[in-house]
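Take a look at the structure below.
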Amino acid sequence: MNSLLEQFDIDKASVQRMVEDAVGRGDDGELFMEYNQSEGLVFDNGKLKTGGFSTDQGFGLRAISGEASAYAHSGEMSRAALKRAVDAVSAVHGAVSGNYSQAPARTNVKLYGEENPLGSPSFEEKVKILEDIDAYARSRDERVRQVSASIAGNWQVVEILRADGHLVRDVRPLVRLNVSIVVGKGDRQETGSYGVGGRRGFGEFLVEESWKSAVDAALKQALVNLEAIPAPAGTFDVVLGAGWPGVMLHEAVGHGLEGDFNRKKTSAFAGLMGEQVAAKGVTIVDDGTIDERRGSLSVDDEGTPTENTVLIEDGILVGYMQDRQNARLMGMNPTGNGRRESYSHSPMPRMTNTYMLGGDMESDEIIASVKNGIYAVSFGGGQVDITSGKFVFDCTEAYQIIDGKIGAPLKGANLIGNGPEAMKRVSMVGNDMALDNGIGVCGKAGQGVPVGVGQPTLRMDQMTIGGTGV
C-alpha cells in the first residue's frame, strides 16, 4: 500500500513541520502511524461461533523531555487531529536541553515478507478447515466431548517519522492456529491445547498434515491429564521440558530485565549488573532477529533495528532490554525493544523472543539423574511479582519422576519460586534448545504484544511444588 503519510489531508512537508514543532525541541519523540487489518474465526462445539474482519488506522504523537513523556493519539488521519495532538504534547517540553536524540541506525534487513496473509486461503476455505479439525478430533477418540479451534491473522503496516525527517516503514504479517480439546470419562473432564504461528502466511500451518498434528498434540495432552493423579506438594528436583516451558523464564526473569523496571529500581535484578544472578552455564538472550518468528521485528516501534541481546551470560547479568528513553536515561544503548500494542499506546521496553541457550547434556541423562521429582512439559497461566521476583506457574502437563524414570501424569501441580533464586538452582542444561511453536502473547501495563519463548531441557534443584496430593 502507499505511504501512510499520504493518508493525511495535508502534504508530507506540512506533516514534517508539525512533528518538528511538537517534538524537535525535546529530547526525543516521533509520529507513529499504523494501518492494521485483522481476521479471526472461532469454531466451537461444532459451530462457527465467531467470524470477524476489521480494519483500523491512526497515529500516535510522542514528545519526551527527560523522564517526562507526553502522548496523544487519534484514529483520524487529518490535519485537525494532528494539530490537536501537537498542542497536547507540546506542554511537555519545559526546560530541556534542546538536543534532539540521534535517529536510529537504518537497516535493510527484512525478517519476514510483506504479503498480506488474510486473503489466502479464503474465508470459506478457513471455515472448512475448522470443520475438518472438529470432525477429525472427534473421530480420534470417543472420549472427546468438545473441540474449539481458531484461526487468527493480522497484517500491520507502520511508519515512524521523527522530527529530523528520519522515516522508517515496516510491514508485519502474523498468523496463528489454535486447537483446544475437552475429553471426559464419567464426571471427570480435562483439557489439552496446542497452537502454531509466526510472521508469515498461513501456508504450512493450514495444510492437512499440520493441523492434524496440532489436533493430535492437543488430544494427547488432554488424555494424559484425564489419567493424571493429584500432584504432591513439597520440595522436589524439577525437570522442565524444552520449548514452551521457557515461558517461565519470560515471566520470572525476562520482565525483571526490562530497562524501565531497572531504571526505577523496582526489579529484583536492579543494581546487579556484572554480578552472578544465575548458575554457571545459564545464558539467556532476547533475540528479535530470527526469521519469521512470532516475537521478531525488523525494527521496533521506535524505528530501532532489533538485536540479539545477551541478558545473562554464564550466570552473570550483562544486559537489559532497552527502548530509547530508558537507554538514554541509564547511559546505555537502545536494543530494539521499544514496543507498543498499537498507535493508541506509547512504547516501552518489551521482550521479543527470549530464551536460554542450550548446554551439553542429553535430556534423557537429565531425567535419569532425578530420584524423586517432577517433569513439567507444559505451563499454563502464571503470576509474577517483578519487584520481589516471586512467581507461581500452573503446570498443564506434568509427570512424576521416580528413580530416573518418567512415571504417572500429575494434575494440579504449581511451580513456586523466586526468579533470581530459581536461576541459581539450575544444575543441568540440555542440548535440545527449542523455541515455542509461535503462540506467545505478553501483557504489560495493559498492552499485549506477540512474543516468543524457548529453552532446552533443564534440571532445577529443590524447587517448591504446590499440589493437592498426599
* Please walk me through it: do N262 and M330 pass side chain to side chain contact (heavy atoms under 4.5 Å, CB included)? -> CA-CA 9 Å; N262 287 276; M330 296 179 72; 4.2 Å; yes
* Just by modelled atom types, is the H345 backbone N or O under 3.5 Å from a matching donor or acceptor in the Y71 side chain? -> yes
* Structure fact -> Value for CD (E125) from CZ (F123), rounded to nearest 0.5 Å, stands at 12.0 Å
* Pair E34 + R169: basic N to acidic O under 4.0 Å -> no
* Check: Q325 side chain, G338 main-chain N or O, donor-acceptor pair, under 3.5 Å -> no
* Do S296 side-chain atoms and E292 backbone N/O form a donor-acceptor pair below 3.5 Å? -> no
* To do: Check step by step if side chain to side chain contact (heavy atoms under 4.5 Å, CB included) holds for T354 and V451.
  => CA-CA 8 Å; T354 310; V451 296; over 6 Å; no
* Asked: With a 4.0 Å cut-off, would you call E258 and K444 a salt bridge?
  -> yes
* Output the distance between atom CD (Q276) and atom NZ (K424), rounded to the nearest 0.5 Å. => 8.0 Å
* Asked: Heavy-atom distance under 4.5 Å between the side chains of L61 and H73, does that happen here?
  -> no
* To do: Keeping the roles fixed (side chain from N36, backbone from D56), state whether a donor-acceptor pair exists under 3.5 Å.
  => no
* Side chains of F205 and V175: does their closest heavy-atom pair fall under 4.5 Å? -> yes
* Without swapping roles, check the side chain of R162 against the backbone of S101 for a donor-acceptor pair under 3.5 Å. => yes
* **Verdict with reasoning, V15 to L31, per side chain to side chain contact (heavy atoms under 4.5 Å, CB included)** => CA-CA 9 Å; V15 174; L31 175 68; 3.8 Å; yes
* Quick one: does D28's side chain have a donor or acceptor within less than 3.5 Å of a partner on I64's backbone? -> no
* Between N353 (side chain) and G295 (backbone), is there a donor-acceptor pair under 3.5 Å? -> yes
* Asked: Is the closest side-chain heavy-atom distance between E302 and D323 below 4.5 Å?
  -> yes
* What is the distance from atom OH of Y194 to atom CH2 of W244, rounded to the nearest 0.5 Å? -> 11.5 Å
* So H250 and H255, ring-ring contact (aromatic ring centres under 6.0 Å, His included) or not? Walk me through it. -> CA-CA 7 Å; H250 170 100; H255 278 297; 5.1 Å; yes
* Asked: Taking the side chain from R176 and the backbone from I439, do they hold a donor-acceptor pair closer than 3.5 Å?
  -> yes
* Please walk me through it: do F59 and F8 pass ring-ring contact (aromatic ring centres under 6.0 Å, His included)? -> CA-CA 10 Å; F59 71 86; F8 286 97; 5.6 Å; yes
* **Check: E204 main-chain N/O paired with S210 side-chain donor or acceptor under 3.5 Å** => yes
* To do: Flag the pair E6 / K12 as yes when at least one side-chain heavy-atom distance between them is below 4.5 Å, and no otherwise.
  => yes
* **Contacts of type salt bridge (Lys or Arg N to Asp or Glu O under 4.0 Å), residue E208, not counting sequence neighbours** => K212
* Asked: Are the side chain of Y112 and the backbone N or O of S298 linked by a donor-acceptor pair below 3.5 Å?
  -> yes
* To do: Test side chain to side chain contact (heavy atoms under 4.5 Å, CB included) on L317 and M273 and set out the steps.
  => CA-CA 5 Å; L317 178 60; M273 185 67 74; 4.2 Å; yes
* To do: Would you kindly say whether Y320 and D286 are connected by a side-chain donor-acceptor distance under 3.5 Å?
  => no
